[in-house]
4 protein chains.
Amino acid sequence: MIKTKIKDTELVKKRQKQICRGAMKVFQKKGYHDASIREIAKSSRISLGSLYDYIEKKEDILFLVHNNILEELYRDYEEIGDKYGNYINKFIKLVREGFYNTSFFREELLFIYTETKSLDKENRQEILKKESSYVDFIEGLIEEGNRQGVFECKKPGIYANILTFLLIIIPLRGWNILPRFSEEEMLEELISMILKGLNVKGEPYIPK
Amino acid sequence: MIKTKIKDTELVKKRQKQICRGAMKVFQKKGYHDASIREIAKSSRISLGSLYDYIEKKEDILFLVHNNILEELYRDYEEIGDKYGNYINKFIKLVREGFYNTSFFREELLFIYTETKSLDKENRQEILKKESSYVDFIEGLIEEGNRQGVFECKKPGIYANILTFLLIIIPLRGWNILPRFSEEEMLEELISMILKGLNVKGEPYIPK
Amino acid sequence: MIKTKIKDTELVKKRQKQICRGAMKVFQKKGYHDASIREIAKSSRISLGSLYDYIEKKEDILFLVHNNILEELYRDYEEIGDKYGNYINKFIKLVREGFYNTSFFREELLFIYTETKSLDKENRQEILKKESSYVDFIEGLIEEGNRQGVFECKKPGIYANILTFLLIIIPLRGWNILPRFSEEEMLEELISMILKGLNVKGEPYIPK
Amino acid sequence: MIKTKIKDTELVKKRQKQICRGAMKVFQKKGYHDASIREIAKSSRISLGSLYDYIEKKEDILFLVHNNILEELYRDYEEIGDKYGNYINKFIKLVREGFYNTSFFREELLFIYTETKSLDKENRQEILKKESSYVDFIEGLIEEGNRQGVFECKKPGIYANILTFLLIIIPLRGWNILPRFSEEEMLEELISMILKGLNVKGEPYIPK
DNA sequence: AATGAATGAGAATTCATTCAT
DNA sequence: CATGAATGAATTCTCATTCAT
């Protein structure tokens, strides 16, 4: 995807990870635009010239970082579906994991949400495709719930979008929420709301 | 707030509005960082020198634009509460208006969400305060609903945050939603979900 | 032709001349490619930022210099035709002037001949057009000589090209000629050869 | 001349030829300054590191190319003198061959004429010496013609310079000539002019 | 002898901001 | 109050050359 001057693909992976790590530190402090390539090189402990052997342009670093964050965030999400007992618990577990994940990567996700626009069209679409596929995964789960008769959700596509959107409420609105409420409280209300929205059969979910 | 060299406050207002309008056009096309002051001046039909009589630094323009967008967005929201018949309809109406509003200002809101970080601490907090006060207003409505016995919401503060967050789902996730669903569909599901979440008494809301 | 950020056209002319002069000094010493914009700015006694208010890119400076040199070189060439007595003398005078001119601008012409290639297509063509028009002028003179019956030249277009080419022999081959022969000697032989080539009627030209 | 790290002189020759060929392709497309060593290495199918075993610096490649072109251009010129019948025909033949040669190597010669300046003093002088020696050869021919009584040329050194200069009119001014005239036409006029200039005894040369 | 990864100096260009008029 | 010319620090990126393997 990213054009490099280096042939050894193992090395490319290693160095790009190195650059990615270095860049994230700088981006955290200064944001993408105010981070200079020189700083990123220094923070990556790589020379300016070498850095450009592993990327083509500054934006490529942003792409690397995007990919890296999404990879961490979405790591193993497909396995989660298999682990837990009955379907509703499975689902609750999934929301819970997703929420903790997004909260854990709070700053990274905020970064992604504010800087995806700085990618060029092609790279942006690749990133959005990854996010899309997570929504699709959730949509599939909701449909399965419908089939199993535990949910009754008319528009799984829309709900999947709402649900994944709600998961990032902490990264995007934490500044207003966290001074007053804990992540736990937020999560419990979210789960309750989501389950109600899905018209779960049986006992309503009682927030702890 | 913004330090100007000009004393005539009426003129300052007029020119700042002029700058704001010019800047928004440029920001739309290029984003904040890639918009040069020269372009903004040209687009505002004001000379480069004059521009700096009405602002101190580039960031001030971003602040002007933020204020302007939020003002448009939140214009008259307090009146809405008064207009409509019973409380639930009132509430539905409010959500509906809010949703249409945010969808109408879709690009502007996306801009705000991605560029608030570029404001310095002081200006950023002033902007966030405005957003906060909208959440507070919603929180107040929910509490009133509780008092009137039409809602049963244990954590109005959290719900207010969820609700206001959901209103901007189109600006932030429209890229994934709008290719598959209409704004109308989205809105109906949102209303239904929100009302369920608030444990509204009586008939459940049926999405159109 | 060159896009500037400055509106005052008089000032643009003045500054561009200033830049042109400064650049020529640097080009003389280092050539076009090894001359840095910084040096050119310094040599022009203009700040780096200001320099870029009067040009768009480095190549524009090359274009300015080209134009300037050709202007000096071709200054008043059209008037020369009118000044002198009989047609042959007129012609000889013209060759003489042309030769001295090119010899005077020896370094500048060598520069042009080696760096025209560095202009982009559009600018290069504009420069070549100027050179063309001088050839056309010479062609006209030869045709007039034919009409007046003092020359008998079958292919004035070709001769005009040969003649103008011969005029730059000093700039291009001076390194081999001047150590052994004087410019005068060269010139006399050129005139003699050219007149023979044109089949001038009457007494042959005797080189001094 | 060029300092190499490799001892095997046969290999050095082979690789330098290889580099030369690769470089010429790149120079053709981009010119000397815009050709990067990387590209040249790739075009020569030699590794970047190896390349520097056979040259010391970029300029050395330019020198190799210069030499190579001049070698091709001047290949066998000394033999030509011997081949043809009477002296004038011999001479005409020589001019003809020289002209076709320079036209054939049109782009290469233009390259040489515009880039010799990029050689350092030492290398430049070596190249110029080669060109000089061709002029000297022509000078010798003219003197021989004088001795044989077929020419009457007072300044063979000057004429040799003029003549060799005229031979490169196509590479240097083809852009203005070739759109209107054929190489053949040009050549015929050149021969006619040169012979007149040499005061050839007997019938004048009639251009075809 | 061959490879290709590493280096950092230096290039062109942009741009927010100031200031003389 | 308005204008727009002037400034120079800072930015991204390139490239000849070196060196460890």
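Below, chain A is the first sequence line, B the second, and so on; all start at residue 1.
Nucleic acid contact class of K42(D) (heavy atoms, under 4.0 Å, all strands): none. Across all strands, I46(D) comes closer than 4.0 Å to no nucleic acid atom at all (heavy-atom distances).
Regarding K7(C), its NZ atom lies at a distance of 9 Å from the P atom of dT3(F), rounded to whole Å. One atom, CG of L51(C), and another, P of dG8(F), lie 13 Å apart when rounded to the nearest Å. Computed from coordinates, the I19(A) CD1 to dA5(E) P distance equals 13 Å when rounded to whole Å. Regarding Q16(C), its CD atom lies at a distance of 15 Å from the C1' atom of dA5(F), rounded to whole Å. Computed from coordinates, the K3(C) NZ to dT14(E) P distance equals 11 Å when rounded to whole Å.
Looking only at atom types and distance, the side chain of Q18(C) has no donor-acceptor partner in the side chain of R21(C) under 3.5 Å away.
Annotation: side chain of N123(A) is in contact with side chain of D60(A) (closest heavy-atom distance under 4.5 Å). Side-chain atoms of E72(C) and E108(C), non-hydrogen and from C-beta on, never get closer than 4.5 Å to each other. Counting heavy atoms from C-beta outward, I37(C) and I61(C) have side chains that approach closer than 4.5 Å.
Among residue pairs with one or both ends in residues 44-56 of chain A, none qualify as side-chain hydrogen bond (donor to acceptor under 3.5 Å, both in side chains); sequence neighbours excluded.
R15(B) has no side-chain polar atom (N or O) that falls below the 4.0 Å cut-off from OP1 or OP2 of dC1(F).
Remark: F27(C) engages Y32(C), F111(C) in a ring pair (Phe, Tyr, Trp, His ring centres under 6.0 Å) (not counting sequence neighbours). With sequence neighbours left out, the side-chain hydrogen bond (donor to acceptor under 3.5 Å, both in side chains) criterion links Q125(A) to no other residue. With sequence neighbours left out, E131(B) forms a salt bridge (Lys or Arg N to Asp or Glu O under 4.0 Å) with R173(A).
Taking for each of I6(A) and E39(C) the nucleotide of DNA chain E with the nearest heavy atom, the 5'-most of the two is the partner of I6(A). Nearer to the 5' terminus of DNA chain F, by closest-nucleotide assignment, is the contact made by D8(B) (compared with the other of Y54(C) and D8(B)).
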| Which dot-bracket notation, 5' to 3', represents the base pairing of DNA chain F when pairs are defined as Watson-Crick or G-U with both distances under 3.5 Å, crossing pairs as [ ], and inter-strand pairs as |? | .||||||||||||||||||||
| task | Spell out protein contact along nucleotides 12-21 of chain F as letters: B when the base is contacted, S when just the sugar-phosphate is, - when no protein heavy atom is under 4.0 Å; keep the 5' to 3' order. | result | BBB-SBB---
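Between C20(D) and L64(D), the shortest heavy-atom contact is SG-O, 3.7 Å.
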